[in-house]
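Heads up, the thing below is written out as structure tokens.
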Amino acid sequence: MINVFQPTLGKEELERLEQVFASNWIGKGKLVNEFEAIYAEHLGSTKDRVLSTNCCSEGLFSSMHLCDIKPEDEVILPTVSFVGAGNAVCANGSKMVLCDVDKRSLNATAEDIERVITPKTKAILLLHFGGIACDMDKIMDLADTYKLKVIEDCAAGVCSTYKGKALGTFGDMGMWSFDAMKILVCGDGAMLHFRDPELRERAEKWLYFGLQTKSGYENSVAQKWWEFDISCFGHRAIMNDVTAAIALEQYKKLPTYMEKRAAVHEFYNEGLKDMEWLDLPLPIEQGCTSSYYFYHIQTKNCMRDQLAKFLRDNDIYTTYRYFPLHRVPGYGVSGIFPGADYAADNTLCLPMHQSLSQADTEKVVEKIREFGKLYC
Ligand SMILES: *Cc1c(COP(=O)(O)O)cnc(C)c1O
């Protein structure tokens, strides 16, 4: 089976792990610190704005508390959002207000968002679909006008930029995931960015029990180092030196990952461009960069499900992300979302990862062409 997503792991990660074993320090330590510093630089930001945590979903959940979102507040999110985003809002007791998305990019536009703003709106929880930037100029203007917080779910946008600036660094908070399905992977882990360093300080406490005091291990307390105080009833959600070791080695490989993914993207573009029954991904906007997380095609004739099955029968696994929240019965939200409905019924994410061989990508193209000849 050709996987739709797949991590690329090598001996460098294993060797780094051996060093961690030898050090006998597997908790949060120097390597987490090093990864945060490197990632801050990667974002073109500063270390006092960057903080790691155990997963991006924790970032979504914590954003509610950190951005001061109360149960009586409304939070706008695109209906095409990750389930954790919906859960974060609902678990906070706040009202989840869904907006539609562009049917081709699957990103919410400023117009989609503005249509559902009310006096109770407190924040926008934005998804950059597949790490491709939403129109941040317009959305940040909107947020300014209505005094809204902006939280950017940039989970898949590890190398994405908007007009030269790292995606995820525009809003009050941004976050990236390093789970098993992403590009830079470390088992589980995530990075958070805060526009305001003070918020990062609060987040650091929030993600570690709200602890105020340093531990005795750091030799910063003269005596009775077991005593402590808390500033809030915080969580415990941190990376550790095992996951950070993998992340640090993965980080070095990002440029080659991007090259490979861009090449696969180009190969699909070329191989599928004359298929009249298909829409290919939109070109990336001038001045922006993509992380090539998804390669999503759209069937114009509603044959998406048949295509997915045909490919799976031919050992090619594909999927659709993200199932719109207005279709999830558990949320109990209804409304009219023509863009999202079109996207959800016609979009298919093709295999996209660094370990795809030439033969793999050729097979994907060939089987899609074969399907077209047979049915379209
Ligand atoms: C993967 C993903 C997440 C969650 O990341 P975890 O680190 O697994 O919690 C959140 N949002 C989007 C868009 C994702 O793709």
Side-chain angles (χ1 to χ4, degrees), residues 3-7 32 35-36 39 50-64 66 75-91 96 98-99 101-102 105-108 123-134 150-160 166-168 170-171 173-193 203 207 235-240 242-244 246-247 250-251 261 290-296 318-325 328 331 340 343-344 347 349 352-353:
N3 284 334
V4 60
F5 311 123
Q6 185 176 307
V32 173
F35 183 48
E36 287 177 353
Y39 206 84
V50 165
L51 179 68
S52 59
T53 186
N54 60 342
C55 67
C56 188
S57 301
E58 174 63 40
L60 288 165
F61 278 96
S62 290
S63 71
M64 296 295 115
L66 294 168
V75 179
I76 296 174
L77 54 163
T79 182
V80 175
S81 277
F82 179 66
V83 57
N87 282 6
V89 176
C90 295
M96 174 172 92
L98 300 177
C99 72
V101 300
D102 178 81
S105 72
L106 283 74
N107 271 337
I124 308 167
L125 208 176
L126 202 58
L127 171 67
H128 300 294
F129 181 78
I132 292 172
C134 297
V150 176
I151 302 154
E152 295 179 77
D153 180 352
C154 202
V158 64
C159 290
S160 301
L167 207 58
F170 291 81
M173 259 183 91
M175 55 201 76
W176 297 261
S177 167
F178 312 125
D179 81 18
M181 302 283 228
K182 298 304 193 290
I183 300 172
L184 188 170
V185 296
C186 69
D188 268 315
M191 202 61 84
L192 309 176
H193 183 269
L207 294 176
H235 295 184
R236 182 192 180 281
I238 53 177
M239 272 183 78
N240 58 60
V242 176
T243 52
I246 302 172
Q250 286 270 298
Y251 178 76
R261 298 178 88 98
S290 170
S291 301
Y292 301 103
Y293 182 56
F294 292 141
Y295 186 91
H296 73 279
T318 58
T319 192
Y320 162 66
R321 293 284 160 86
Y322 299 84
F323 188 59
L325 304 188
V328 179
Y331 287 119
T347 307
C349 303
M352 175 52 92
H353 54 81

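Order of listing sets the numbers, starting from 1, for every ligand and every atom in it.
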Which residues share a side chain to side chain donor-acceptor pair (under 3.5 Å) with Thr319, sequence neighbours left out: none
Interatomic spacing from CZ in Phe61 to SG in Cys56 - rounded to 0.5 Å: 11.5 Å
Ring geometry between His193 and Trp176 (parallel below 30°, tilted from 30 to 60°, perpendicular above 60°):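 The arrangement is perpendicular - the two ring planes meet at more than 60°.
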Mutual orientation of the aromatic rings belonging to Phe5 and Tyr293 [parallel < 30°, tilted 30-60°, perpendicular > 60°]: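 The rings of Phe5 and Tyr293 lie parallel, inter-plane angle below 30°.
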Among Pro7, Ser177, Cys159, Ser291, side chain to side chain contact (heavy atoms under 4.5 Å, CB included) partner for Ile183: Ser291
Distances only, to 0.1 Å: what are the N or O pairs between ligand 1 and the protein that fall under 3.5 Å?
residue, atom, partner, partner atom, Å
ligand 1, 5 (O), Ser177, OG, 3.2
ligand 1, 7 (O), Cys56, N, 2.8
ligand 1, 7 (O), Ser177, OG, 2.7
ligand 1, 8 (O), Asp179, OD2, 2.5
ligand 1, 9 (O), Cys56, N, 3.3
ligand 1, 9 (O), Ser57, N, 2.8
ligand 1, 9 (O), Ser57, OG, 2.6
ligand 1, 11 (N), Asp153, OD1, 3.2
ligand 1, 11 (N), Asp153, OD2, 2.7
ligand 1, 15 (O), Lys182, NZ, 3.1
ligand 1, 15 (O), Tyr322, OH, 2.6

Full working for side-chain contact (heavy atoms from CB on, under 4.5 Å) between Leu126 and Phe170: CA-CA 11 Å; Leu126 202 58; Phe170 291 81; over 6 Å; no
